[in-house]
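Read through the structure below, which is laid out as structure tokens, and then see the notes.
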Amino acid sequence: MKDPLVFVPGLSCNAALYAPQWSALADGRLILVADHARDDSLGAIAERLLAAAPPRFALCGLSMGGYIAFEVLRRAPERVTRLALLDTSAKPATPETNEPRAQMIVLAEKGAYDNVTTLLWQRLVAPARLTDEPLRQLVRGMADDVGAEGFVRQQKAIMRRPDSRPLLEGLEKPTLVLVGEEDAITPVTEAQEMAGLAGGAAELVIVPRCGHLATLEAPEPVTGALMRWLA
């Protein structure tokens with residue numbers, strides 16, 4: 001029996017973030033998507049995920065999804081059979097990283113969520129994809145699904161994230177660390193640090209001509225990397 005797989009979306013994203021990978025990975029495997037927009041702390045999100053998940057599962061998170069994956073690993077390492085960290089970071093929140101998040105919260109609470117999604121789009125994808133209207137519409141649709149209130153809760157959770165680097169030291173689970181070469185939010189250096197900490201258990205994949213939303217921008221290489229990780 002193949003390990004069940006739990007996908008954890010990123011900020012303002014939903015299951016559509018992983019739609020390009022779904023059919024290739026679902027053959028003979030249960031796939032679940034974490035609910036990450038109803039709580040304003042990583043701990044509460046992780047507990048909700050653990051309550052819904054099978055006893056043991058593979059865990060894949062992109063961006064905020066990676067922060068949640070670390071929290072799950074912190075709370076129930078014995079339940080996670082393997083770990084995939086896509087376009088994310090193990091570093092803690094800082095005043096410098098939290099300042100723009102606080103500004104976006106203010107905008108969202110003032111009713112300017114449209115402005116927030118426009119600002120985010122500029123950094124979410126590789127520069128060459130900024131004029132990709134179907135991709136922009138998909139990303140906007142996910143953001144609309146999460147909504148302004150969900151977005152605010154997610155940002156508050158992210159702004160309290162701890163240092164997860166110690167969790168990677170000596171990690172023996174099969175671990176995939178993947179990043180878009182042009183990721184402006186969690187750059188290649190973040191992925192290299194995580195893979196280095198995880199040591200021999202980790203495979204580092206850098207996807208060329210790709211930004212922060214690797215699953216959507218480069219579906220084929222990302223699917224291939226996930227299939228190797230799950231094999």
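Numbers for residues simply follow the sequence, beginning at 1. Hydrogens, waters and symmetry mates play no part in the numbers below; they use all other heavy atoms, side chains included.
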Worksheet item: Has the side chain of R123 got a donor or acceptor atom that lies under 3.5 Å from a matching backbone atom of A184?
Response: yes
Item to complete: Give a yes or no on whether the backbone of W229 and the side-chain of R82 come within a donor-acceptor separation of less than 3.5 Å.
Response: yes
Fill in: Backbone of A37 reached by a side-chain donor or acceptor of R153 within 3.5 Å
yes
Discussion item. Using side-chain heavy atoms (C-beta onward) and a distance below 4.5 Å, is L178 in contact with L62?
Written reply: no
Worksheet item: Between H212 and D183, does any side-chain donor sit less than 3.5 Å from a side-chain acceptor?
Response: yes
Worksheet entry | Closest non-hydrogen atom pair between T88 and G66, with its separation | OG1-CA, 3.6 Å
Worksheet, complete the sentence: Residues P134 and D132: closest non-hydrogen pair is CD-OD1, 3.2 Å
Discussion item. Here's a test for you: under side-chain contact (heavy atoms from CB on, under 4.5 Å), which of T117, L17, L124 qualifies with V139?
Written reply: L124
Worksheet entry | Under the side chain to side chain donor-acceptor pair (under 3.5 Å) test, residues paired with T215 that sit two or more places apart | none
Practice prompt. Answer yes if M227 and I31 sit in the same cluster of Ile, Leu, Val, Met, Phe, Trp and Tyr residues linked by side chain heavy atoms under 4.5 Å apart, and no otherwise.
Written response: yes
Worksheet, complete the sentence: One should read off an interatomic distance between T223 OG1 and Q21 CD, to the nearest 0.5 angstrom, of 3.5 Å
Fill in: Test item: F70 and M194 side chains (from C-beta on) under 4.5 Å apart, heavy atoms
yes
Worksheet item: Is there a donor-acceptor contact under 3.5 Å from the side chain of R56 to the main chain of P4?
Response: no
Practice prompt. Nearest 0.5 Å please: distance from the CE atom of M159 over to the CD atom of E99.
Written response: 10.0 Å
Fill in: Test side-chain hydrogen bond (donor to acceptor under 3.5 Å, both in side chains) applied to T81 and D3, step by step
CA-CA 8 Å; T81 59; D3 285 344; 2.9 Å; yes
Worksheet item: So, are E182 and R209 salt-bridged, with charged N and O less than 4.0 Å apart?
Response: no
Worksheet entry | Passing candidate, side-chain contact (heavy atoms from CB on, under 4.5 Å) with L83, options L171, L176, V177 | L171
Worksheet item: Taking the side chain as C-beta and beyond, is there a heavy-atom pair between V179 and V207 under 4.5 Å?
Response: no
Worksheet entry | Heavy-atom pair of closest approach, residues S89 and E190 | OG-OE1, 2.5 Å
Fill in: Pairwise side-chain contact, L73 with K173, heavy-atom cut-off 4.5 Å (strictly under)
yes
Discussion item. Are K91 and T97 packed together at the side-chain level, in the sense that at least one heavy-atom pair is separated by less than 4.5 angstrom?
Written reply: no
Item to complete: Give a yes or no on this: more than 12 heavy atoms of other residues, nucleotides or ligands lie within 6.0 Å of atom CD of E220.
Response: no
Worksheet item: Under a 4.0 Å N-O cut-off, is there an ion pair linking R165 with E193?
Response: yes
Worksheet entry | For F151 against A108, the heavy-atom pair lying closest together | CD2-CB, 4.0 Å
Worksheet item: Do you see a donor-acceptor pair shorter than 3.5 Å between the side chains of N115 and T118?
Response: no
Worksheet item: If you look at every heavy atom in S63 and G10, which pair is closest and at what distance?
Response: CB-CA, 4.4 Å
Worksheet item: If you count the non-hydrogen atoms of other residues, nucleotides and ligands that lie under 6.0 Å from CZ in R160, is the total more than 12?
Response: yes
Fill in: Parallel, tilted or perpendicular: ring planes of Y18 versus F7, cut at 30 and 60 degrees
parallel
Practice prompt. Inspect the contact between D114 and R140 and indicate whether a charged nitrogen and a carboxylate oxygen are less than 4.0 angstrom apart.
Written response: yes
Worksheet item: Quick one: do R48 and D39 make a salt bridge, cutoff under 4.0 Å?
Response: yes
Worksheet item: Considering only heavy atoms from C-beta outward, does the side chain of K2 approach that of L230 to under 4.5 Å?
Response: no
Worksheet item: Looking at side-chain heavy atoms only, is the closest gap between L5 and L32 below 4.5 Å?
Response: no
Worksheet item: Does the W121 side chain pair with the main chain of L130, one donor and one acceptor, at a distance under 3.5 Å?
Response: yes
Item to complete: Would you please test R74 and S164 for side-chain hydrogen bond (donor to acceptor under 3.5 Å, both in side chains) and show each step?
Response: CA-CA 8 Å; R74 187 175 285 110; S164 293; 3.0 Å; yes
Fill in: I68 CD1 to Q154 CD distance, which is reported to the nearest 0.5 Å
7.0 Å
Worksheet, complete the sentence: OG1 (T186) and CE (M64) are apart, to the nearest 0.5 Å, by 14.0 Å
Worksheet entry | CD (Q122) with more than 12 external heavy atoms under 6.0 Å | yes
Worksheet, complete the sentence: Closest non-hydrogen atoms of L226 and C60, given as atom of the first, atom of the second and distance, are CD2-SG, 4.1 Å
Practice prompt. Output yes when a side-chain donor or acceptor of E217 lies under 3.5 Å from a complementary backbone atom of A126, and no otherwise.
Written response: yes
Practice prompt. With the side chain counted from C-beta on, respond yes when P77 and V72 share a heavy-atom pair under 4.5 Å apart, and no when they do not.
Written response: no
Fill in: Atom pair CZ (R101) and NZ (K156), whose distance is rounded to the nearest 0.5 Å
14.5 Å
Fill in: Gap separating the OH atom of Y113 from the CE atom of M104, nearest 0.5 angstrom
10.5 Å
